[in-house]
Amino acid sequence: MQAAFIKHDGYQCGYCTPGQICSSVAMLKEVEAGVPSLVTDDLTASPEASLAEFRERMSGNICRCGAYSNIMEAIQEVAGRKA
Amino acid sequence: MRPFTYERARTPREAAVAARAEGAKFIAGGTNLLDLMKLEIETPTHLVDVNGLALDKIEPTGDGGLRIGALVRNTDLAADPRVRKNYLLLSRALLAGASGQLRNKATTAGNLLQRTRCPYFYDPNQPCNKRQPGSGCSAIGGYTRSLAVVGGSEACIATHSSDMAVAMRALDAKVETVQPDGSERAIPIADFHRLPGDTPHLETALTPGELITSVVLPKPVGGKQVYLKVRDRASYAFALVSVGAIVHSDGTGRVALGGVAPKPWRDEAAEADLPRGAKAVTGRLFAEAQPTDENAFKVQLAERTLGAILTEARANP
């Protein structure tokens with residue numbers, strides 16, 4: 001995940017980056033473990049590894065530089081999906 | 001932050017005894033209390049840590065319901081297969097609240113006990129009857145867009161911010177407690193949160209030291225269960241208006257509102273009008289409303305949000 005953040009330029013000032021990376025790793029594990037989120041359509045099924053799920057699950061991490069789109073590209077790469 | 005002493009309670013009763021003292025408070029997830037302590041809005045002199053009490057289980061009750069331990073984290077409650085299957089409204093409401101990190105720490109009891117997010121409560125430079133009883137209410141005549149339209153008083157128009165509590169109200173939950181003398185009681189959720197009246201600093205029916213041990217859901221009621229939360233951004237924000245609804249195929253059901261009142265707002269007589277549509281229900285729910293120019297939109301927003309739920313329920317029962 002660290003390498004993916006560097007590759008996709010998932011930060012500017014770097015202040016929020018440690019939290020973004022920790023949340024990214026943990027959030028992907030939660031998706032894998034079947035923990036539901038606000039945007040999970042069917043709560044009786046496992047959540048999808050989708051961009052909408054990632055965005056919702058990362059919403060507690062604020063980035064004032066606005067690196068969100070690059071952070072999402074890094075996460076999607078690690079999750080095995082091409083941005 | 002002010003200095004305080006700290007202890008870990010070993011039993012619920014011991015916790016209740018320790019927290020009975022003036023200035024003592026329980027701490028569990030700390031997701032609200034620590035913020036308020038840093039701002040010196042809460043200034044406990046003693047913290048009783050209840051995290052070690054074995055109150056983190058979700059267990060079936062004898063009559064087909066579910067007993068949720070006070071320390072069950074919001075994430076775990078929302079993800080519990082029994083809750084997702086039989087109490088969908090509760091899962092949806094929990095997932096609409098806070099952020100993943102907060103839900104991982106926040107507890108069931110703490111969620112019920114969270115303080116208001118009224119901006120004047122958070123500003124120590126302004127009078128607030130909740131923060132400092134008798135000092136006055138800065139919100140009345142101030143900026144009221146996010147504040148209560150119904151159930152408030154001349155002393156306070158703060159809203160209760162919990163999403164989970166709205167679902168608990170619609171599901172007729174009971175709050176189980178233990179007192180310092182060891183006696184136990186079950187408080188219906190409708191009676192748990194108090195309206196402000198002239199004592200807005202008193203927010204619940206709990207007495208000094210009384211500890212929430214669990215929240216009990218009655219047996220599942222079925223129906224289509226929806227929690228629709230309208231807010232200024234799509235995630236990680238408090239509700240302007242939220243509607244928790246259970247709609248049965250015959251058009252009857254239940255409705256509780258968040259974001260509009262000092263407690264989850266439900267009226268069983270009003271929801272008897274559900275088959276007649278959203279306006280009939282919200283008309284009664286807001287019969288005593290006293291909105292301001294800035295928050296009158298909430299009345300219409302609640303009607304439209306409930307209307308959207310009913311339309312969807314009719315199309316996809």
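Side chains are part of it too, since the values below use all heavy atoms of this structure and drop only hydrogens, waters and symmetry mates. All of these numbers come straight from a predicted model, not from anything done at the bench. The sequence lines fix the lettering, A, B, ..., with proteins before strands; numbering per chain opens at 1.
Counting only distance, with no hydrogens or angles, the side chain of Y227(B) and the backbone of A245(B) share no donor-acceptor pair below 3.5 Å.
Top candidate by heavy-atom pairs under 4.5 Å with chain B, chosen from N61(A), V35(A), T44(A), is N61(A). Taking chain B as the reference chain and counting heavy-atom pairs below 4.5 Å, the highest number among M27(A), E30(A), E56(A) is found for E56(A).
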Intermediate values then yes/no, salt bridge (charged side-chain N to carboxylate O under 4.0 Å, His left out), D172(B) and R266(B): CA-CA 11 Å; D172(B) 280 333; R266(B) 180 183 173 200; 2.9 Å; yes
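Ion pairing of K57(B) with D76(B) is absent here, as no side-chain N (NZ or NE/NH1/NH2) approaches a carboxylate O to less than 4.0 Å. Taking a cutoff of 4.0 Å between a charged side-chain nitrogen and a carboxylate oxygen, E73(A) and K7(A) do not qualify as a salt bridge.
Residue contact with chain A, scored on non-hydrogen atoms closer than 4.5 Å, involves the backbone of A234(B) exclusively. At a 4.5 Å heavy-atom cutoff, the contact between A96(B) and chain A is made by backbone and side-chain atoms alike.
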